[in-house]
A.B. asks: 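Mind looking over this structure? Questions follow.
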2 protein chains.
Amino acid sequence: MNKALELSAQIEQRILAGEWLPGDRLPSQVHLMADFGVARTTVRESLSQLQSRGVLRSQHGSGTYVNNLFESVFLPPLNQLPLHDSHTQLAVLEMRQVLEGEAAYHACQRASDVELQGISDEYQCMLQRPGKMPVIERSKADLKFHMLIAQASHNLIVASLSQLLYSKMFNTIFAARSGGLLEQPTYSEAVHSQHLRIHEALMNRDALEAKQAAEDHARHTAQMLRQQLQS
Amino acid sequence: MNKALELSAQIEQRILAGEWLPGDRLPSQVHLMADFGVARTTVRESLSQLQSRGVLRSQHGSGTYVNNLFESVFLPPLNQLPLHDSHTQLAVLEMRQVLEGEAAYHACQRASDVELQGISDEYQCMLQRPGKMPVIERSKADLKFHMLIAQASHNLIVASLSQLLYSKMFNTIFAARSGGLLEQPTYSEAVHSQHLRIHEALMNRDALEAKQAAEDHARHTAQMLRQQLQS
DNA sequence: ACCACATAATTGGTCAGATGACTTTACTGC
DNA sequence: GCAGTAAAGTCATCTGACCAATTATGTGGT
């Protein structure tokens, strides 16, 4: 077996195992070269192979990143999806509900301590500045909190799909409602306690409770969006 | 423009111009390197590109040859995901579990009477010839049954993802286990009653029951595949 | 707080060379 | 003439090195 091929296989293996997730930046070529004990040319050859297969994407001067699983499979038709269509929005909300539950469930089972710590940090960050935080920042932190959980599930499909739904669709839906939702006090209160519950369950690695909490949270969010949708 | 890209273009140009014909042997890498005034690495990069596009074919120790034009047309579609990877299989199985439940749940709520009838027909079809049906036919009917439910959920994402997982992944996983599973009597019995339960719940439009039944069924299937995977 | 600039980190591209493996060809001995 | 062998030609793979292009980051001044 080639060294380049072997390296490709190892990298792919780590991606499939959920060690390197979609969006993650791989170690630099120099780092990989040291890690695997090969020349940089060989590393480049390897990365080139994976790029041509759509697994990776290199950005000059920045790094090499893991692609989303569904980037190639799903995107062309998804791009043309009418996000303003209420049926589509409903579908996304329903899917999100399932995904959040599943992500939380498996995160409890498979997240590393470091990952749990990262989730907890993000949670603390959300708490710290309750009122001062600008709406957009608040929203971003919220999103990151959920994405971290999805990543910690170590299920490549769950992570990829969550990423896809969040980055491409959920933002759009939120944006369409122009922030009115995020400022409502009921949001802060209810969502706050829901996040607390999710966080608690995750820290205790209580998978079933985490799943339930995440589903409830998603259901609540969906409910609020539906109301806005009707009004 | 790259030197490698430029060389690729020049070589392709000569082929298109009829200078180098299908079957012809190209000048050796050392020769090309001298001809075009580039390093051998660059020549190899160039040839590698053209090979990946099916234009050329290299034969170790002999030379590099021009392919027939139509060779590339019949090239096998590249398989994105290594479905033989156990992590991927686990991820798919987990996702399937969730999807089946969700599909059944929403099918109860949103399927038209005609769609329900179609599902029922397919179910009856599975029942009719219990022993006589060839394994492959049986498997196809089973797949169609689940796909119809996914479609009846009227959730575009659920339907699309189900289709994707089934067509691209689940078949492969099943095929890899070479049918041993489908012939086991325990499969027939247990799966039979599970299908019955799903069908029943769907006909009654009992969403929660249908979801539970579908999840149990998927869990059962996943469990059996996991056993096979370990053995 | 904001902006411009320098610096570091990273990928892109190229080169020259070394070794190994395989194929073809030519030669040698019979 | 033939079989076996040696030699040459060729591709495969890997290494180490160099510089350019791009991006990220920190620094300092305003």
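Just so it is clear: chains get the letters A, B, ... in the order the sequence lines come, proteins before strands, and each one is counted from 1.
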A.B. asks: Find the distance A:Q59:CD to C:dG12:C1' and express it as a whole number of Å.
C.D. replies: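 Taking CD of A:Q59 and C1' of C:dG12, I get 13 Å after rounding.
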A.B. asks: For A:R110, what residues pass the salt bridge (Lys or Arg N to Asp or Glu O under 4.0 Å) criterion, not counting sequence neighbours?
C.D. replies: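 For A:R110 the salt bridge (Lys or Arg N to Asp or Glu O under 4.0 Å) partners, ignoring immediate neighbours, are B:E94.
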A.B. asks: Should the pair B:K211-B:E100 be classified as a salt bridge under the 4.0 Å nitrogen-to-oxygen rule?
C.D. replies: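 No, this pair does not count.
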A.B. asks: Take atom CZ of B:R57 and atom P of D:dC11, then tell me their distance rounded to the nearest Å.
C.D. replies: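 Atom CZ in B:R57 sits about 13 Å away from atom P in D:dC11.
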A.B. asks: Kindly calculate the angle separating the two end axes of the helix from C:dA1-D:dT30 to C:dC30-D:dG1, each obtained from five base pairs, and round it to 10 degrees.
C.D. replies: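 Computed from the C1' atoms at both ends, the axes differ by 10°.
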A.B. asks: Could you walk me through whether A:Q59 and A:T64 pass side-chain contact (heavy atoms from CB on, under 4.5 Å), step by step?
C.D. replies: CA-CA 6 Å; A:Q59 204 167 332; A:T64 304; over 6 Å; no
A.B. asks: Atom CD of A:Q49 and atom C1' of D:dC14: how far apart are they, to the nearest Å?
C.D. replies: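 Computing the A:Q49:CD to D:dC14:C1' distance gives 14 Å.
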A.B. asks: Any salt bridge linking A:D113 with A:R205? Criterion: basic side-chain nitrogen under 4.0 Å from a carboxylate oxygen.
C.D. replies: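 So A:D113 pairs with A:R205 through a salt bridge.
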A.B. asks: I need the single residue from A:Q109, A:E115, A:H106 that forms a side chain to side chain donor-acceptor pair (under 3.5 Å) with A:H154. Which is it?
C.D. replies: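 Considering A:Q109, A:E115, A:H106, a side chain to side chain donor-acceptor pair (under 3.5 Å) with A:H154 is found only for A:E115.
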A.B. asks: Can you check side-chain contact (heavy atoms from CB on, under 4.5 Å) on A:C108 and A:D206, steps first, answer last?
C.D. replies: CA-CA 6 Å; A:C108 283; A:D206 185 345; 5.5 Å; no
A.B. asks: Can you tell me the distance, in whole Å, between the CD atom of A:E6 and the P atom of D:dC14?
C.D. replies: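 Taking CD of A:E6 and P of D:dC14, I get 9 Å after rounding.
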A.B. asks: A:H146 and A:S162: side-chain donor and acceptor closer than 3.5 Å?
C.D. replies: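 The criterion, which ignores hydrogens and geometry beyond distance, is not satisfied for A:S162 and A:H146.
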A.B. asks: State whether a side-chain donor-acceptor pair under 3.5 Å links B:R96 with B:T221.
C.D. replies: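 A pair is found: one side chain offers a donor N or O, the other an acceptor, under 3.5 Å apart.
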A.B. asks: Can you list the residues that meet the salt bridge (Lys or Arg N to Asp or Glu O under 4.0 Å) rule with B:E215, with sequence neighbours excluded?
C.D. replies: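 Salt bridge (Lys or Arg N to Asp or Glu O under 4.0 Å) list for B:E215, sorted by chain: empty.
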A.B. asks: Give the rounded distance in Å between these two atoms: CG of B:L32 and C1' of D:dC11.
C.D. replies: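 After rounding, the reported distance stands at 12 Å.
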A.B. asks: Listing request: all side-chain hydrogen bond (donor to acceptor under 3.5 Å, both in side chains) pairs with a residue in residues 25-41 of chain B, at least two apart in sequence or in separate chains.
C.D. replies: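 Residue pairs with at least one partner in residues 25-41 of chain B: B:Q29-B:R40.
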A.B. asks: Starting at the 5' end of nucleotides 3-10 of chain D, put B wherever the base has a protein heavy atom under 4.0 Å, S where only the sugar-phosphate does, and a dash everywhere else.
C.D. replies: ------BB
A.B. asks: Answer yes if the ring centres of A:H195 and A:Y123 are under 6.0 angstrom apart, and no otherwise.
C.D. replies: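 No; A:Y123 has its ring centre 6.0 Å or more from that of A:H195.
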A.B. asks: Please list, pair by pair, any protein nitrogen or oxygen found under 3.5 Å from a nitrogen or oxygen in nucleotides 14-17 of chain C.
C.D. replies:
unit_1, atom_1, unit_2, atom_2, d
C:dT14, OP1, B:K3, N, 2.5
C:dC15, OP1, B:K3, NZ, 3.0
C:dC15, OP2, B:A39, N, 2.8
C:dC15, OP2, B:T42, OG1, 2.9
C:dA16, N6, B:T41, OG1, 3.3

